[in-house]
A.B. asks: 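So that we are looking at the same thing, I have put the structure below in structure tokens.
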Amino acid sequence: MTTPESSPSSNFIRDLVVADHAAGKHGGRVVTRFPPEPNGYLHIGHAKSIALNFGLANEVSGGACHLRFDDTNPTTEDPEYVQAIQEDVRWLGFDWHSKMFYASDYFEQLYTFAVTLMKKGKAYVDSLTPDQIREYRGTLTEPGRDSPYRTRSVDENLDLFARMRTGECADGTHVLRAKIDMNSPNINLRDPILYRIRHASHYRTGTAWHIYPAYDFAHPLSDAIEGITHSICTLEFEDHRPLYDWVVAETEALHRPQQIEFARLNLTSTVMSKRKLLELVEKKLVAGWDDPRLPTLRGLRRRGVPPEAIRAFCEHIGVAKRDAIVEMQLLEHFIREDLNKRSPRVMAVLRPLKVVLDNYPEGAVEELDAVNNPEDASAGTRKVPFTRTLYIEQDDFREDPPKQFFRLAPGREVRLRYGYIIKCVSVTKDPHTGAITELHCTYDPETKSGSSQEQRKVKATIHWVSSAHAVPAAIRLYQPLLLTNQAKLAVDQDWTQSLNPHSLELLTGCLVEPSLRAASPGARFQFERQGYFCLDPDSSSGTLIFNRTVSLKDAWAKLEKTQQPPQR
RNA sequence: UGGGGGAUCGUCUAGCGGUAGGACGCCGGCCUUUGGAGCCGGCUACCUAGGUUCGAUUCCUAGUCCCCCAGCCA
């Protein structure tokens, strides 16, 4: 059963796949694939592709989506990434079942296909230098020229190619090229390189090979070997499609997959390219691949973003061919929406201000009932200790309150969440700096939460922790990684100059309610009135460290920004 | 000035000749023991110019603008 919310939204690829399936094309099979190269970590842009490919396979009966490592370049790939990619795909919530493959497993078959091409006179060994090849290729507006080696005999090609394989030729001395058309207006068709010599150890095949297939050769054939029906990739491969089709046709591969292109995901105020992400990690501009500021799946996970939120986001942004930059706020919306429904609420004070309740009995401890999740009655309640000395948020007190400020101020009343209404009677300041050091308040015993006594209303309810019971914590607040958008980065000489110097703010001396002492790393909470936070694995039994996943929407902050100049 | 693609609210996205819809965002209001959530209302878009048609975002023509391609990366 599908509801309007859960039914996938229409997009041109889904429509096409569904139509093919209904028409019985490819024998009614739908086989997609997610083909990462194991040379980097997955990010939310990959999530869009993963959700599309696995989603499609899950939607049609008998569909399948393969996870295939496109590992044809020994110099950049590493098993570390193979492991990480699998973990991330699983974490996102997708399953390739037993369909995990490596392009490197096809090296032998690919070699045979190359031989087929040579025998048909459709490929030749070129011995031009890399510089010459570039020169012979022509430019966007000028046609290329045939290489003098283009007319080598089949036997010579076969012999040379075999010798390339055995390792007797140095890197760069020869390549295998498709024989297509050096005059083609599509540069990809000007005798594209199919194989290059690389005397490098491959993480899976070791030194068995000295030649490695290029993407344009390996990819279509890997798809064909696996019986992929719909080979979905991004827009920049659009003008490789004629070559994709040529390779599949000329090698006479059994299956003819269809390549379909869509626009990759871009997000405001972050970077998505592998190169830039790698640069951030290598230059230690961030703490690692799982730095919560990064749009990597590991970064998002560590930040506390649930995979469900990422999937909902991917479904919502749709799939189209126009270039797009999605606002980060949209991602944040789906994170809040998900977390609102299921995060337990707790109280935590980020910037503590001491409050003494002058008329509250010294030494007394009340266990107040607090609701765990107003969105989910089954989440139950918990006890929170209440005492004479508390801490509240510095932001929740203003000595000289601006208009619309409903919180505590001298002479004003406010409710303590799950507790009593209190009134500020005096302010203690540091005699030298003038900084507010503590507040003295009185509480109204008639106003205890849930009591049947007088139910007075006050304008605001604020969170608090008991001084004697609070647990110290450190909290990391995150801001956008970038001050500018990706679109503008290309022209910047050094894009790292656009990094936000305040993307990470570490708060120490925070105080959280005692129930949090039992939390395990990865656990997500809503700190009431502040945002969603996730216990970081860096936490030890002595120190709790939380990452702010996303703040709550803050109507007051918005109001204050537009109405009043900041007071502090 | 070669080839391949793309242009719909501020941002994503639907539409397939018949009142341009949704989401985010934004602006009001209601509600609220989270200034959260929720609820109600509002805002803003078919790149331009012609043509075909009773009727064009949709079809045609001519422009304009944006993206991608000259790795032995993928």
Side-chain angles (χ1 to χ4, degrees), chain A residues 4 9-11 35-37 39 70 72-73 75-76 126 128-130 133-135 137-144 171-177 184-190 192-198 211-212 214-216 218-219 233-242 261 263 265 268 274-275 313 316-334 336-337 340-341 345 347 371 374-375 404-407 414-419 421 447 449-450 455 457-463 487 526-531 551-560:
Chain A
S9 56
S10 153
N11 68 59
E37 182 186 15
N39 68 348
D70 214 349
T72 57
N73 185 351
T75 60
T76 59
D126 195 0
L128 252 23
T129 66
I133 287 181
R134 190 182 323 119
E135 200 183 312
R137 185 151 38 217
T139 68
L140 294 180
T141 50
E142 301 156 28
D171 282 12
T173 52
H174 310 283
V175 287
L176 183 73
R177 291 232 244 172
S184 173
N186 180 347
I187 292 184
N188 296 299
L189 263 19
R190 316 238 261 233
I193 290 169
L194 268 22
Y195 268 91
R196 71 281 207 191
I197 299 169
R198 279 264 198 291
I211 53 174
Y212 292 90
Y215 168 87
D216 283 317
H219 202 89
C233 63
T234 43
L235 253 28
E236 66 269 29
F237 294 105
E238 212 153 14
D239 50 17
H240 289 239
R241 195 186 333 134
E261 311 84 10
L265 169 66
T268 58
K274 275 187 182 178
R275 199 209 98 221
F313 170 76
H316 182 91
I317 56 175
V319 178
K321 295 195 75 162
R322 71 182 85 107
D323 296 312
I325 305 178
V326 178
E327 290 177 342
M328 190 64 87
Q329 289 159 314
L330 187 61
L331 208 212
E332 292 181 348
H333 163 77
F334 285 99
R336 289 193 185 99
E337 183 178 72
N340 174 52
K341 278 179 275 183
R345 273 58 170 173
M347 292 197 284
V371 172
E375 304 288 323
Q404 310 281 354
F405 184 84
F406 303 147
R407 280 109 95 152
V414 81
R415 175 174 287 282
L416 292 178
R417 182 82 157 144
Y418 307 122
I421 291 176
T447 58
S449 280
Q455 292 290 304
K457 300 271 186 199
V458 284
K459 292 279 253 183
T461 297
I462 64 173
H463 59 276
Q526 183 195 102
F527 288 1
E528 291 214 38
R529 303 208 303 131
Q530 308 197 90
S551 67
L552 244 28
K553 287 209 271 183
D554 188 344
W556 163 244
K558 191 183 284 185
L559 225 192
E560 186 181 32

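Just so it is clear, the structure is predicted and the values come from calculations on it, not from any experiment. Note on naming: letters A, B, ... go to the chains in the order of the sequence lines (proteins, then strands), and numbering restarts at 1 for each one.
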A.B. asks: Under 4.0 angstrom, heavy atoms only, what part of the nucleic acid is Phe313(A) near: base, sugar-phosphate, or nothing?
C.D. replies: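 Answer is nothing: Phe313(A) stays at 4.0 Å or more from every strand.
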A.B. asks: Which nucleotide, in any strand shown, forms a Watson-Crick or G-U wobble pair with U52(B), with both distances under 3.5 Å?
C.D. replies: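 WC or wobble partner does not exist here.
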A.B. asks: Find the distance between CD (Gln404(A)) and CD (Glu560(A)) and round it off to the nearest 0.5 Å.
C.D. replies: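 Here the rounded value is 11.0 Å.
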A.B. asks: Using a 90° cut-off around 0 for syn, call G51(B) syn or anti.
C.D. replies: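 Here the answer is anti: the torsion falls beyond 90° from 0.
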A.B. asks: May I ask you to verify whether the side chain of Asp323(A) and the base of G6(B) hold a donor-acceptor pair under 3.5 Å?
C.D. replies: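 Answer is no: no donor-acceptor pair is held.
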A.B. asks: Return no unless some side-chain N or O of Lys459(A) is found under 4.0 Å from OP1 or OP2 of U32(B).
C.D. replies: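 For U32(B), neither OP1 nor OP2 has a side-chain N or O of Lys459(A) closer than 4.0 Å.
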A.B. asks: At less than 4.0 Å, is any side-chain N or O atom of Lys341(A) found next to OP1 or OP2 of A37(B)? Yes or no.
C.D. replies: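 No, no such contact exists.
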A.B. asks: When the P atoms of C27(B) and G18(B) are compared, how many Å lie between them, rounded to an integer?
C.D. replies: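 Here G18(B) and C27(B) have their P atoms 36 Å from each other.
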A.B. asks: Taking atom types as they are modelled, would you say the side chain of Glu375(A) forms a donor-acceptor pair with the base of G36(B) within the 3.5 Å cutoff?
C.D. replies: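 Side chain to base: pair found, below 3.5 Å.
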A.B. asks: Looking at every strand, decide which applies to Tyr418(A) at a 4.0 Å heavy-atom threshold: base, sugar-phosphate, or nothing.
C.D. replies: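 Base, at least one base atom sits under 4.0 Å.
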A.B. asks: Looking at the side chain of Lys558(A), which of U13(B), C26(B), A37(B) is the nearest nucleotide?
C.D. replies: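 Between U13(B), C26(B), A37(B), the one nearest the side chain of Lys558(A) would be C26(B).
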A.B. asks: Give one of base, sugar-phosphate or nothing for Lys274(A), where a contact means two heavy atoms less than 4.0 Å apart.
C.D. replies: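 The residue Lys274(A) makes no contact with any strand.
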A.B. asks: If the P atom of G22(B) is compared with that of U33(B), how far apart are they to the nearest Å?
C.D. replies: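 Roughly 32 Å separates the two P atoms.
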A.B. asks: Out of G35(B), A74(B), G22(B), which nucleotide sits closest to the side chain of Ala214(A)?
C.D. replies: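 Selected nucleotide (nearest to the side chain): A74(B).
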A.B. asks: Ignoring backbone atoms, establish whether Arg415(A) has a side-chain N or O less than 4.0 Å from OP1 or OP2 of U32(B).
C.D. replies: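 Arg415(A) to U32(B) OP1/OP2: no side-chain N or O under 4.0 Å.
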A.B. asks: From CG of Leu330(A) over to P of C9(B), roughly how many Å is that when rounded to an integer?
C.D. replies: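 About 16 Å, once rounded to whole Å.
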A.B. asks: Reckon Ile193(A) touches a base, only the sugar-phosphate, or nothing at all at heavy-atom distances under 4.0 Å?
C.D. replies: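 The answer is base, as Ile193(A) lies within the cut-off (heavy atoms under 4.0 Å) of a base atom.
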A.B. asks: Do the side-chain N or O atoms of Arg134(A) get closer than 4.0 angstrom to the phosphate oxygens (OP1, OP2) of G71(B)?
C.D. replies: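 For G71(B), OP1/OP2 do have a side-chain N/O of Arg134(A) under 4.0 Å.
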A.B. asks: Give Ser10(A) one of three labels, base, sugar-phosphate or nothing, depending on what nucleic acid heavy atoms sit under 4.0 Å from its own.
C.D. replies: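 If one applies the 4.0 Å heavy-atom cut-off, Ser10(A) turns out to touch the sugar-phosphate alone, with no base involved.
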A.B. asks: Name the closest nucleotide to the Leu140(A) side chain, picking from G25(B), A70(B), U13(B).
C.D. replies: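 Per side-chain heavy atoms of Leu140(A), the pick is A70(B).
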A.B. asks: Whom does C24(B) pair with, Watson-Crick or G-U wobble, provided both distances fall under 3.5 Å?
C.D. replies: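 Paired with C24(B), as far as the under-3.5 Å criterion goes, is G10(B).
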A.B. asks: Looking only at the side chain of Pro185(A) (C-beta and beyond, no hydrogens), which of the listed nucleotides G36(B), G35(B), G3(B) gets closest?
C.D. replies: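 Selected nucleotide (nearest to the side chain): G3(B).
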A.B. asks: Arg336(A) versus Ser551(A): any side-chain heavy-atom pair under 4.5 Å?
C.D. replies: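 A side-chain contact under 4.5 Å exists here.
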A.B. asks: Where the side chain of Ser449(A) meets the backbone of Gly419(A), is there a donor-acceptor pair that is under 3.5 Å apart?
C.D. replies: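 Present.
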A.B. asks: For Ser9(A) and U13(B), is the shortest distance between a side-chain N/O and OP1 or OP2 below 4.0 Å?
C.D. replies: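 Answer no for this pair, as no side-chain N or O of Ser9(A) is under 4.0 Å from OP1 or OP2.
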A.B. asks: Look at Lys553(A) and G25(B) and indicate whether a side-chain polar atom (N or O) is within less than 4.0 Å of OP1 or OP2.
C.D. replies: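 True: Lys553(A) side-chain N/O within range (under 4.0 Å) of G25(B) OP1/OP2.
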A.B. asks: Does Arg417(A) place a side-chain N or O at less than 4.0 Å from the phosphate oxygens OP1/OP2 of G35(B)?
C.D. replies: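 The answer is no; no side-chain N or O of Arg417(A) sits under 4.0 Å from OP1 or OP2.
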A.B. asks: For G38(B) and U34(B), measure between their C1' atoms and round to the nearest Å.
C.D. replies: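 G38(B) and U34(B) have their C1' atoms separated by 13 Å.
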A.B. asks: State whether the distance check finds a donor on one side and an acceptor on the other, under 3.5 Å, for side chain Thr141(A) versus base U1(B).
C.D. replies: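 Counting by modelled atom types and ignoring angles, no donor-acceptor contact under 3.5 Å is found here.
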A.B. asks: If you check the Asn11(A) side chain, which of A74(B), A14(B), U33(B) turns out closest?
C.D. replies: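 The nucleotide sitting nearest to the side chain is A14(B).
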A.B. asks: Which whole-number value in Å describes the distance from Phe237(A) CZ to G5(B) P?
C.D. replies: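 Rounding to the nearest Å, CZ of Phe237(A) and P of G5(B) are 16 Å apart.
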A.B. asks: For A70(B), which nucleotide is its Watson-Crick or G-U wobble mate, given both distances must be under 3.5 Å?
C.D. replies: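 Pairing partner, where one exists within any strand: none, as none qualifies.
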A.B. asks: Return the pairing partner of C39(B) with a 3.5 Å limit on both distances, Watson-Crick or G-U wobble; otherwise return none.
C.D. replies: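 Paired with C39(B), as far as the under-3.5 Å criterion goes, is G29(B).
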A.B. asks: I'd like the P distance from G35(B) over to A45(B), given in whole Å.
C.D. replies: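 Here A45(B) and G35(B) have their P atoms 36 Å from each other.
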A.B. asks: Quick one: label Ile133(A) by what it contacts on the DNA or RNA (base, sugar-phosphate, nothing), any heavy atom closer than 4.0 Å.
C.D. replies: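 Counting heavy atoms under 4.0 Å across all strands, the contact made by Ile133(A) includes a base.
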A.B. asks: May I ask you to decide if Ile421(A)'s main-chain N or O and Thr447(A)'s side chain share a donor-acceptor pair within less than 3.5 Å?
C.D. replies: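 Yes.
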A.B. asks: When both hydrogen-bonding distances must be under 3.5 Å and the geometry is Watson-Crick or G-U wobble, what is U19(B) paired with, if anything?
C.D. replies: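 Partner of U19(B): none found under 3.5 Å.
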A.B. asks: Without decimals, in angstroms, what is the distance between Ile317(A) CD1 and A14(B) P?
C.D. replies: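 These atoms are roughly 11 Å apart.
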A.B. asks: Using the P atom on both, measure U57(B) against U1(B) and round to a whole Å.
C.D. replies: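 Straight-line distance between the two P atoms is 29 Å.
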A.B. asks: Taking atom types as they are modelled, would you say the side chain of Arg529(A) forms a donor-acceptor pair with the base of U34(B) within the 3.5 Å cutoff?
C.D. replies: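 No, the side chain and the base share no sub-3.5 Å donor-acceptor pair.
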A.B. asks: My understanding is that a pair needs two contacts under 3.5 Å, Watson-Crick or G-U wobble. By that rule, which nucleotide pairs with C47(B)?
C.D. replies: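 Looking at the geometry, C47(B) pairs with G63(B).
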A.B. asks: When the distance from CZ of Phe527(A) to P of U34(B) is rounded to whole Å, what number comes out?
C.D. replies: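 Atom CZ in Phe527(A) sits about 19 Å away from atom P in U34(B).
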A.B. asks: If you pin Tyr195(A) and Arg241(A) to their nearest nucleotides in RNA chain B, which one's is more 5'?
C.D. replies: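 Checking each residue's closest nucleotide, the 5'-ward one belongs to Arg241(A).
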A.B. asks: So, do Tyr418(A) and Met347(A) sit near enough that their side-chain heavy atoms are less than 4.5 Å apart?
C.D. replies: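 They are in side-chain contact.
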A.B. asks: Could you check which of G5(B), C24(B), C72(B) has an atom nearest any side-chain atom of His333(A)?
C.D. replies: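 Closest nucleotide to the His333(A) side chain: C24(B).
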A.B. asks: Taking atom types as they are modelled, is there a donor-acceptor pair under 3.5 Å from the base of U34(B) to the side chain of Gln526(A)?
C.D. replies: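 Side chain to base: pair found, below 3.5 Å.
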A.B. asks: From the list A74(B), U13(B), A23(B), which nucleotide is the closest neighbour of the side chain of Ala324(A)?
C.D. replies: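 That would be U13(B).
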A.B. asks: Using the C1' atom as the point on both nucleotides, what is the distance between C59(B) and U52(B), in whole Å?
C.D. replies: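 The same atom, C1', in both gives a distance of 8 Å.
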A.B. asks: Let me confirm one number: the NE2-CG distance from His316(A) to Leu330(A), rounded to the nearest 0.5 Å.
C.D. replies: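 His316(A) atom NE2 to Leu330(A) atom CG measures 5.0 Å (nearest 0.5 Å).
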A.B. asks: Can you tell me if Arg137(A) touches the phosphate of G71(B), counting only side-chain N or O atoms and a distance under 4.0 Å to OP1 or OP2?
C.D. replies: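 The answer is yes; a side-chain N or O of Arg137(A) sits under 4.0 Å from OP1 or OP2.
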A.B. asks: Roughly how far apart, to the nearest Å, are C40(B) and C31(B) at atom P?
C.D. replies: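 Going atom to atom, P in each nucleotide, I get 15 Å.
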A.B. asks: Just to confirm, is there a sub-4.0 Å distance from OP1 or OP2 of U32(B) to any side-chain nitrogen or oxygen of Thr461(A)?
C.D. replies: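 False: Thr461(A) side-chain N/O out of range (4.0 Å or more) of U32(B) OP1/OP2.
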A.B. asks: Using a 4.0 Å heavy-atom cut-off across all strands, classify His240(A) as base, sugar-phosphate, or nothing.
C.D. replies: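 Base contact.
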A.B. asks: Given the structure, check if the side chain of Glu142(A) and the base of G2(B) hold any donor-acceptor pair shorter than 3.5 Å.
C.D. replies: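 Side chain to base: no pair below 3.5 Å.
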A.B. asks: Write down the distance between OH (Tyr215(A)) and P (G71(B)), rounded to a whole number of angstrom.
C.D. replies: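 Taking atom P of G71(B) as the reference, OH of Tyr215(A) is at 17 Å.
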A.B. asks: Mind checking the P distance from U64(B) to U13(B)? Whole angstroms is fine.
C.D. replies: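 U64(B) and U13(B) have their P atoms separated by 26 Å.
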A.B. asks: Please give, in whole Å, the distance from G71(B) C1' to Asn73(A) CG?
C.D. replies: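 The distance from CG of Asn73(A) to C1' of G71(B) comes to 10 Å, rounded to the nearest Å.
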A.B. asks: Should Arg322(A) be listed as having a side-chain N or O under 4.0 Å from OP1 or OP2 of U13(B)?
C.D. replies: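 It does, given that an N or O in the side chain of Arg322(A) lies less than 4.0 Å from OP1 or OP2 of U13(B).
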A.B. asks: May I ask you to verify if any side-chain N or O of Arg190(A) is less than 4.0 angstrom from the OP1 or OP2 atom of G71(B)?
C.D. replies: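 Checking Arg190(A) against G71(B): no side-chain N or O falls below 4.0 Å of OP1 or OP2.
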